[in-house]
Engineer: 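Sharing a structure with you now.
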2 protein chains.
Amino acid sequence: MARKKLDEIRPEDDASARRTPMREFSRSLPMSLLRAREAVMRQFRPSLRNHGLTEQQWRILRALTAVDEIEVTELARVAFLLGPSLSRILRDLEARALIERRAAENDARRAVVSISAKGLKLIEAVAPTSEVIYAAITKRYGARKLAELQEMLGALEASLAGMGSAAEAEVEAED
Amino acid sequence: MARKKLDEIRPEDDASARRTPMREFSRSLPMSLLRAREAVMRQFRPSLRNHGLTEQQWRILRALTAVDEIEVTELARVAFLLGPSLSRILRDLEARALIERRAAENDARRAVVSISAKGLKLIEAVAPTSEVIYAAITKRYGARKLAELQEMLGALEASLAGMGSAAEAEVEAED
DNA sequence: GGGAGATGATTAACATGTTAAGTGAATTCC
DNA sequence: GGAATTCACTTAACATGTTAATCATCTCCC
């Protein structure tokens, strides 16, 4: 139960002595992506917060400015939110009169959402600051490098798109 | 209030007609990072779930296998979790006897955490599948390209590290 | 045209993200 | 050496992530 104290082993021996060989934790791909995204979002969050918006609310309003109206399912795909999150947020945004919602013409199951005039006004108040931040990031990191990074991220997403979960064998083995 | 109907305008006119010029939403850096990370985590989540672990619980146990024991604050830094999240998760992991906790010797404020034998056993049960998945991702995307991507992500994080929020001027203006 | 299954959206339940406030212990500094 | 401050951690409160279940509609097919 009790494991070796730090002063009984040299730090370099630590990993090899006890562990299943694994990649250094902090260098795993999920952690790299998480830290990079957090570093970026940390720049934007204060400005959004000043305008009473969360990151996800901003994503939704932002997506709505690009279309006249859109069905909820399609909005979820575009804003990259799961249905339940989107349901809650739309309820709140509608209560704040930032969006409008109506039923689809030919299918009572579907709902169609659009941004309101008030929502557009809010977007226009936030957008300039967001652009300034984005420009600052681009300048710091380099426009070319940024484009290359985005291309590589898109390629990663694409290469994993058709990858059936490698855990499937394990699932079956434990059923 | 009412905005143009889709059949009253041509789709190409839509954006330029109403919007503050902004980057195409789906190509923004935060969205690219979010989608890429989700594509990766989608591969791992089923396996973790089979073992009753969330992604964050796994991160914590994983980090604990690399050290003998560690203070909570340092663990938060390594596992990239905020204090409140970590507090809750440690409480749960302790209740499941996957970790052990004690007070620091010279400072009653600090808590020191370590993984238990049961926790180690769980890690060793999950690790092989995780490695298989990681290997599959690496093969699909390319080992060299993956290394390059991680390097670029690290550089992005580093270049933004010292960047005071660009929203500061805005904050002061609205106070 | 009606019942079985599929579909779109919401609700439920639990875990985490995020900021602010609280608590107890150590440090500072006069 | 004690009040004020700082520090480590926890709680609180609210928003979102995640999976499962529910509900209403729609489609298909007999």
Side-chain angles (χ1 to χ4, degrees), chain A residues 30 34-35 37-50 52-61 70-77 79-96 98-99 101-113 165 171, chain B residues 30 34-35 37-50 52-61 70-77 79-96 98-99 101-113 165 171:
Chain A
L34 181 59
R35 283 203 303 252
R37 183 174 146 80
E38 177 54 28
V40 173
M41 285 315 302
R42 185 176 4 255
Q43 310 300 322
F44 289 99
R45 256 190 285 270
S47 167
L48 293 178
R49 187 174 175 71
N50 284 343
L53 287 177
T54 66
E55 177 194 338
Q56 292 80 1
Q57 292 166 353
W58 166 252
R59 287 221 299 274
I60 290 172
L61 293 182
I70 187 173
E71 290 182 6
V72 171
T73 297
E74 175 67 2
L75 179 57
R77 193 187 65 74
F80 209 70
L81 293 169
L82 294 179
S85 293
L86 185 54
S87 267
R88 284 179 303 220
I89 301 173
L90 289 181
R91 168 164 44 76
D92 298 343
L93 293 179
E94 190 175 19
R96 291 161 67 183
L98 297 175
I99 66 166
R101 185 181 346 204
R102 65 173 183 80
E105 330 253 302
N106 311 320
D107 191 336
R109 293 172 305 181
R110 299 166 190 268
V112 174
V113 179
S165 171
V171 176
Chain B
L34 180 59
R35 283 202 304 251
R37 183 174 145 80
E38 177 53 29
V40 173
M41 286 314 302
R42 184 177 3 254
Q43 311 300 321
F44 289 100
R45 257 190 284 269
S47 168
L48 293 178
R49 186 174 175 72
N50 284 343
L53 288 176
T54 66
E55 177 193 338
Q56 291 80 1
Q57 292 166 354
W58 166 252
R59 286 221 301 274
I60 291 172
L61 293 182
I70 188 172
E71 289 181 6
V72 170
T73 298
E74 175 67 1
L75 179 57
R77 193 187 63 76
F80 209 71
L81 293 168
L82 294 180
S85 292
L86 185 54
S87 267
R88 284 178 304 217
I89 301 174
L90 289 181
R91 167 165 45 75
D92 298 342
L93 292 179
E94 190 175 19
R96 291 162 65 182
L98 297 175
I99 66 166
R101 181 175 359 197
R102 65 174 183 79
E105 332 250 300
N106 311 320
D107 191 337
R109 294 172 304 181
R110 298 166 190 267
V112 173
V113 178
S165 171
V171 176

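Keep in mind that this is a model prediction, so the values were computed, not measured. Residue numbering restarts at 1 for every chain, and letters A, B, ... go by the order of the sequence lines. Below, each value reflects all heavy atoms present in this structure, side chains not excepted, and no hydrogens, waters or symmetry copies.
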Engineer: Are any of the side-chain nitrogens in B:R109 or B:E71 under 4.0 Å away from the carboxylate oxygens of its partner?
Structural biologist: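 Result for this pair is no, no salt bridge flagged.
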
Engineer: From CD of A:E71 over to C1' of D:dT25, roughly how many Å is that when rounded to an integer?
Structural biologist: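 Distance, rounded to whole Å: 14 Å.
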
Engineer: For a quick check, with a 4.0 angstrom heavy-atom cut-off, what is the B/S/- contact string for nucleotides 13-20 of chain D, read 5' to 3'?
Structural biologist: B-SBBBBB

Engineer: To the nearest 0.5 angstrom, please state how far the CG atom of A:L81 sits from the CD atom of A:Q56.
Structural biologist: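 Between atom CG of A:L81 and atom CD of A:Q56 there are 6.5 Å.
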
Engineer: What is the distance from CG of A:D107 to C1' of C:dA6, rounded to the nearest Å?
Structural biologist: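 In whole Å, C:dA6 C1' lies 12 Å from A:D107 CG.
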
Engineer: Using atom types as modelled, flag every donor-acceptor pair under 3.5 Å from a side chain in residues 84-93 of chain B to any protein atom, sequence neighbours excluded.
Structural biologist:
from: B:S85; atom 1: OG; to: B:R88; atom 2: NH2; distance (Å): 3.3

Engineer: Regarding B:E38 and B:R35, does a basic nitrogen lie under 4.0 Å from an acidic carboxylate oxygen?
Structural biologist: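 Salt bridge between B:E38 and B:R35, a charged N being under 4.0 Å from a carboxylate O: no.
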
Engineer: Roughly how many Å is it from CZ in B:R91 to C1' in D:dT10, rounded to a whole number?
Structural biologist: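 From B:R91 CZ to D:dT10 C1': 9 Å.
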
Engineer: Pair B:R96, B:L53 - check side-chain contact (heavy atoms from CB on, under 4.5 Å), show working.
Structural biologist: CA-CA 11 Å; B:R96 291 162 65 182; B:L53 288 176; 4.0 Å; yes

Engineer: Looking at CG of B:L48 and CG of B:L61, how far apart are the two atoms once the value is rounded to the nearest 0.5 Å?
Structural biologist: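 Going from CG on B:L48 over to CG on B:L61, the span is 10.0 Å.
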
Engineer: Confirm from the modelled atom types if B:R109 and D:dC7 form a donor-acceptor pair under 3.5 Å, side chain to base only.
Structural biologist: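 Side chain to base: pair present.
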
Engineer: Does A:R101 make a side-chain N or O approach to OP1 or OP2 of C:dT10 shorter than 4.0 Å?
Structural biologist: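 Checking C:dT10 against A:R101, a side-chain N or O does come within under 4.0 Å of OP1 or OP2.
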
